[in-house]
Amino acid sequence: MAEMKWDKSHLPSRHSTVGPDRAPHRSYYYAMGLTKGEIAAPFVGVATCWNEAAPCNIALSRQAQSVKRGVAEAGATPREFCTITVTDGIAMGHQGMKSSLASREVIADSIELTVRGHGYDALVGLAGCDKTLPGVMMAMLRLNVPAVFMYGGSILPGTWKGRDVTVLDVFEAVGQHAAGNMTDEELEELERVACPGAGACGGQFTANTMACVSEAIGLALPGSAGSPAPYEERDAWAVKSGQAVVDLLKANIRPRDIVTRKSLENAAMIVGATGGSTNAALHLPAIANEVGIRFTLEDVAKIMRATPHIADLKPGGRYVALDVHKIGGVPVIIKALLDAGLLHGDCMTVTGRTLAENHKDVVFPTDQDVVLPVSKPLSKTGGVVGLKGNLAPDGAIVKIAGMKTLRFEGRALCFDCEEDAFAAVRERAYQEGDVIIIRYEGPKGGPGMREMLSTTSAIYGQGMGDKVALITDGRFSGATRGFCIGHVTPEAAVGGPIGLLRNGDRIVIDAAAGTLDVQLSEAELAERRAAWKPRETIYGSGALWKYAQLVGPAHEGAVTHKGAAAEGHVYADL
């Protein structure tokens, strides 16, 4: 570790390392092999979501060691710790998915408690999965100590029958198999090769969407999100991230200096430009809540609607994250948007420079078609749009990237849980023109706001993806494509209109106009509302019960606390 003198009189770690009264505390650090100089230096928490739950997390421990080296080389003392993950690809399609969104709050809470309890002065957070990325960023903003985020990297694409495949192909293959269009042997062959190693799902699903957000919002080093998890160059980014957080400590640049209304707008814009996951409309409001900014689903959707769609990425497009890395990574997308005057270039970032300064020397490559110039977009509207109407008074969201038609009208076919809907899809107990309603799956009603990728993928596998629509007060995976409307609020569990629907009701979805309506009079809806009764839940105790008591509506981010607007202190200033 570089030898230097630090004044810890205003740093949180002074409470556990400075003065005669803290001799017992220091004895614990000596027990772990720290020197007197290391104890006298600032403590940098290195938080990872490493575990053996899924490939998205498996490389994080390796990268954490490189972060620690960077921290130590810059003159501070790294302290590694882990938090949980619930991985959607494994939780999908059964009751385990109820734990997914709730895990985002546990991740943020557990990092907060670890940092508070041990008095860490700064934070580097490494994450690789759908809820871990926003959860770690939320913790950074809540604590407001100098912090750097780093994505663990995407998985490399698998190869099957001469083409690139992702886990989405396996989900859709389940539908093909059920329809008799794929043999047992072909399904097993595909499942063995679709995910060839470490890293998060390779398409522009939620993990890669939020990885793009981490750079656009300014919390990650420019270029750090691109390199796939197995590549050794990712470890070099980890060293740089460790060094960068010490520079932020010296300059006293904190996350709330970086994440502002403008940078949140930048984040929403890159989601629209890349045809990113609808889950971003849940996570960006939650991130904003940590800095006391009201930034709702409607705010996110308006920005994404106004953003040209320029990245041709799966699930609606042709390419995966590796292809973006090959042409220069996320900085290429940011450069295209900056040059078009769409991003706020004056926002501060973790480099200590502005977004525009970070990207002034980036050259947009013209010999590729992964990311198009803003002047020649895939579409003039971003890949994700918001909807409102008498079926979703507080809003809903749909991913339109890759869709050929933006209007759908059909008959409601109602299910009160995902299992019943999936069973009907598996048995082909639906018809062309149906609007499949999956309700009581919202944040409170689920509880946990499950994703419906198993159901939507099965429909696509059956060749019916453009012949039916789905609407839920739950969520759709970032890997979902087609007319799938999620985040419908108010949710059924609190008496929202989606809970009042009956089979055969006429539903009109117009993504071009941004509307979602059921063709019922206000008088009919009022009569049904008067007869509606809340449903009992089997989750009467435990973490999911606790989550259901605290969680707010989806259009405000499904958060479980009041955020910075209500705080009486900031941890970093204690």
Side-chain angles (χ1 to χ4, degrees), residues 46-50 54-71 73 124-130 132-133 136-137 148-159 164 166-167 195-245 270 274 276 311 313-314 319-336 349-351 355 358-359 361-365 368 370-371 478:
V46 180
T48 82
C49 305
W50 178 87
C56 41
N57 313 301
I58 207 72
L60 296 178
S61 182
R62 181 198 91 219
Q63 295 175 35
Q65 308 318 306
S66 296
V67 170
K68 289 162 66 178
R69 187 167 75 249
V71 170
E73 288 173 355
V124 178
L126 297 94
C129 202
D130 293 10
T132 63
L133 276 84
V136 170
M137 286 187 259
V148 174
F149 177 86
M150 196 180 105
Y151 180 40
S154 69
I155 199 170
L156 296 173
T159 303
D164 285 349
T166 70
V167 70
C195 300
C201 301
Q204 194 64 353
F205 312 152
T206 304
N208 280 313
T209 297
M210 296 308 296
C212 290
V213 163
S214 73
E215 289 197 30
I217 208 168
L219 290 174
L221 293 178
S224 63
S227 181
Y231 285 16
E232 288 187 3
E233 63 191 85
R234 177 146 292 287
D235 298 274
W237 282 111
V239 172
K240 292 177 182 177
S241 295
Q243 294 168 337
V245 79
I270 202 166
T274 60
L313 302 175
K314 289 179 180 288
Y319 296 108
V320 295
L322 175 62
D323 299 304
V324 177
H325 175 61
K326 287 178 178 177
I327 67 161
V330 178
V332 167
I333 304 169
I334 291 175
K335 180 65 170 177
T349 73
V350 291
T351 66
L355 192 72
N358 287 340
H359 295 83
D361 295 326
V362 175
V363 177
F364 184 87
Q368 52 80 36
V370 180
V371 178

Please check this pair: side chain of Arg234 against backbone of Ser224, looking for a donor-acceptor N/O pair closer than 3.5 Å. yes
If only atom types and distance count, is the side chain of Gln368 paired as donor or acceptor with the main-chain N or O of Val371 below 3.5 Å? yes
Which atom pair, heavy atoms only, marks the closest approach of [X] to [Y]?
X: Glu233; Y: Ser227; value: CG-OG, 2.9 Å
X: Thr274; Y: Ala311; value: CA-CB, 3.7 Å
X: Gly197; Y: Pro55; value: O-CB, 3.4 Å
X: Gly128; Y: Leu60; value: N-CD1, 4.1 Å
X: Ala64; Y: Leu126; value: N-CD2, 4.1 Å
X: Ile155; Y: Gly202; value: CG2-N, 3.6 Å

Distance, nearest 0.5 Å, that separates [atom1] of [X] from [atom2] of [Y]:
X: Phe149; Y: Leu133; atom1: CZ; atom2: CG; result: 3.5 Å
X: Met137; Y: Met210; atom1: CE; atom2: CE; result: 4.0 Å
X: Arg62; Y: Thr48; atom1: CZ; atom2: OG1; result: 12.5 Å
X: Ile333; Y: Lys335; atom1: CD1; atom2: NZ; result: 14.5 Å
X: Ile334; Y: Ile270; atom1: CD1; atom2: CD1; result: 4.5 Å

Can a donor-acceptor pair be found between the side chains of Gln243 and Lys240 at a distance below 3.5 Å? no
The complete set of side-chain hydrogen bond (donor to acceptor under 3.5 Å, both in side chains) pairs with one or both residues in residues 208-217, sequence neighbours excluded, reads Tyr151-Asn208
Does some side-chain heavy atom of [Y] sit less than 4.5 Å from a side-chain heavy atom of [X]?
X: Val239; Y: Glu73; result: yes
X: Ser154; Y: Val320; result: no
X: Leu156; Y: Leu322; result: yes

Could you list the residues that satisfy side-chain contact (heavy atoms from CB on, under 4.5 Å) with Cys201, not counting sequence neighbours? Val167, Phe205
Show me, pair by pair, the donor-acceptor contacts under 3.5 angstrom made by side chains of residues 216-223, not counting sequence neighbours?
none

